[in-house]
Amino acid sequence: MGGLAEPIVDLETEGLDMAGRPKRGNRIGLKRWVRRGVAVVLVLALIPAVLTFLYLPWFVHPVSTLMLKDLATFSGYDRRWVSIDDVAPVLAHSVIMSEDGQFCFHRGIDLGELRGVVDDALSGEMTRGASTITMQTVKNLYLWSRPLGSVRKVVELPLAVYFDAVMSKRRIMEIYLNIAEWGPGIYGIEAAAQYHFGVSAKQLSRRQAALLAVSLPNPIARNPAKPGPGLRRLASLIERRAGRSGAYVGCLQ
């Protein structure tokens with residue numbers, strides 16, 4: 001025939017070419033989700049940064065994430081805020097000697113302890129805890145306990161450095177003592193002293209202070225009012241250390 005020949009189209013090849021091209025709409029959607037994700041991360045990072053400044057004044061009484069969880073689940077809790085001036089000094093000394101002996105000297109993170117944990121992990125040995133009182137405070141205020149503990153640690157470290165740079169050691173200790181858990185639904189040293197020993201935080205004896213301090217790592221399983229032999233031995237050790245703590249607790253003066 002005299003007409004122009006129609007172009008021959010390989011439908012199979014054309015389909016493959018089109019399938020191989022990324023759709024513009026998909027690229028735009030992906031970029032949008034990435035921007036949203038970055039915005040969410042920035043907002044989450046700003047929350048503790050802003051709250052830390054709000055928690056500076058003595059009259060502000062922060063609550064922990066565990067306390068918020070108890071409120072959300074209608075479990076309720078007992079917490080009675082008390083100034084650090086109204087806490088027996090031996091209690092704070094016992095907590096430092098039990099939980100974080102270098103509290104007055106580090107900047108939120110005990111690098112010596114942290115290096116030891118890393119070395120143990122690299123050598124395949126069982127790792128020990130390296131959480132400072134500052135790290136435990138930011139965890140209680142801003143983060144979660146379980147699961148994803150390793151992910152939490154990555155966030156916890158820079159937060160602890162920032163928190164220590166903004167807060168005085170005395171204020172960090174005051175907040176920690178008022179949000180630490182000392183039993184199911186029992187938060188803060190005043191509620192703990194009343195619940196376990198029937199006295200105020202200011203009236204705690206050296207022995208009672210030591211028992212409360214050594215129960216902190218596991219306040220649900222360890223009852224300072226009914227200590228077993230192991231807990232009593234630990235309390236005796238901390239009682240002796242608190243009695244000669246000296247410069248280790250100087251930042252609280």
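All figures in this text were calculated on a predicted structure; none of them were measured in a lab.
Evaluation of the side-chain contact (heavy atoms from CB on, under 4.5 Å) rule for E239 yields R206, R207, A210 as partners, not counting sequence neighbours. Considering only residues two or more places apart in sequence or on other chains, N140 meets the side-chain hydrogen bond (donor to acceptor under 3.5 Å, both in side chains) condition with none of them.
Rounding to the nearest 0.5 Å places CE of M67 at 7.5 Å from OH of Y187. Between E174 atom CD and M167 atom CE the span is 10.0 Å, to the nearest 0.5 Å.
The number of heavy atoms from other shown groups lying within 6.0 Å of CZ (R233) does not exceed 12. The number of heavy-atom neighbours closer than 6.0 Å to OH of Y195, taken from other residues, nucleotides and ligands shown, is 12 or below.
L237 and L91 fall into different hydrophobic clusters, defined by Ile, Leu, Val, Met, Phe, Trp and Tyr side-chain heavy atoms under 4.5 Å apart, directly or through other members. By the rule that hydrophobic residues join a cluster once side-chain heavy atoms approach within less than 4.5 Å of another member, Y176 and Y142 end up as members of one cluster. Taken together through direct or relayed side-chain contacts under 4.5 Å among Ile, Leu, Val, Met, Phe, Trp and Tyr, L231 and L204 form parts of separate hydrophobic clusters. Two different hydrophobic clusters hold L66 and F74 under the rule that ILVMFWY side chains link at heavy-atom gaps under 4.5 Å. Hydrophobic cluster membership is shared by V87 and I179, with clusters built from Ile, Leu, Val, Met, Phe, Trp and Tyr side chains linked at under 4.5 angstrom.
Nearest heavy-atom pair, D70 versus G185, reported as atom, atom and distance to 0.1 Å: OD2-CA, 4.3 Å. Of all heavy-atom pairs between L54 and V60, the closest is O-CG2, 3.4 Å. Summarising the geometry of L177 relative to A92, their closest heavy-atom pair is CD1-CB, 4.3 Å, with the distance given to 0.1 Å. Annotation for W182 and A192: closest pair CB-CB, 3.5 Å, computed over non-hydrogen atoms. Contact between P224 and F197 at its shortest, heavy atoms only, is O-CZ, 3.7 Å. Shortest non-hydrogen contact noted between P219 and P217 is CD-C, 3.8 Å.
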Step by step, work out the side chain to side chain contact (heavy atoms under 4.5 Å, CB included) result for I238 and L211.
CA-CA 9 Å; I238 295 306; L211 285 166; over 6 Å; no

Can you list the steps and then say if L141 with T65 is a side chain to side chain contact (heavy atoms under 4.5 Å, CB included)?
CA-CA 6 Å; L141 283 176; T65 52; over 6 Å; no

Run the numbers on V50 and T52 for side chain to side chain contact (heavy atoms under 4.5 Å, CB included), then give the verdict.
CA-CA 5 Å; V50 173; T52 296; over 6 Å; no

Given L71 and Y77, is the side chain to side chain contact (heavy atoms under 4.5 Å, CB included) satisfied, shown in steps?
CA-CA 8 Å; L71 283 177; Y77 62 82; 3.6 Å; yes

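Side-chain contact between D164 and K169: present, with at least one pair of heavy atoms (C-beta onward) separated by less than 4.5 Å. Looking only at side-chain heavy atoms (C-beta outward), V166 and Y55 stay at 4.5 Å or farther from each other. Using a 4.5 Å heavy-atom threshold, the side chains of D110 and M135 count as separate. Proximity of N223 to H196: side-chain heavy atoms (C-beta onward) are separated by under 4.5 Å at one or more points. When side chains are defined from C-beta on, I186 does not count as touching E181, because their heavy atoms never get closer than 4.5 Å. With contacts defined as side-chain heavy-atom distances shorter than 4.5 Å, the pair P184/I220 qualifies.
A salt bridge is absent between K202 and D85; no separation between the charged side-chain nitrogens and carboxylate oxygens falls under 4.0 Å. Ion pair D86/R80 not flagged as a salt bridge, since none of the NZ, NE, NH1 or NH2 atoms sits closer than 4.0 Å to an Asp/Glu carboxylate oxygen.
For Q203 (side chain) and S200 (main-chain N/O), a donor-acceptor pair under 3.5 Å exists by modelled atom type.
For residues 208-253, the set of pairs meeting the disulfide bond (SG atoms under 2.5 Å apart) definition, not counting sequence neighbours, comprises C104-C251.
A parallel orientation is assigned to the rings of H61 and W81, their planes being inclined by less than 30° (bins at 30° and 60°). Ring geometry for Y248 against F105 counts as perpendicular: the plane angle is over 60°, on a 0 to 90° scale with 30° as the lower cut.
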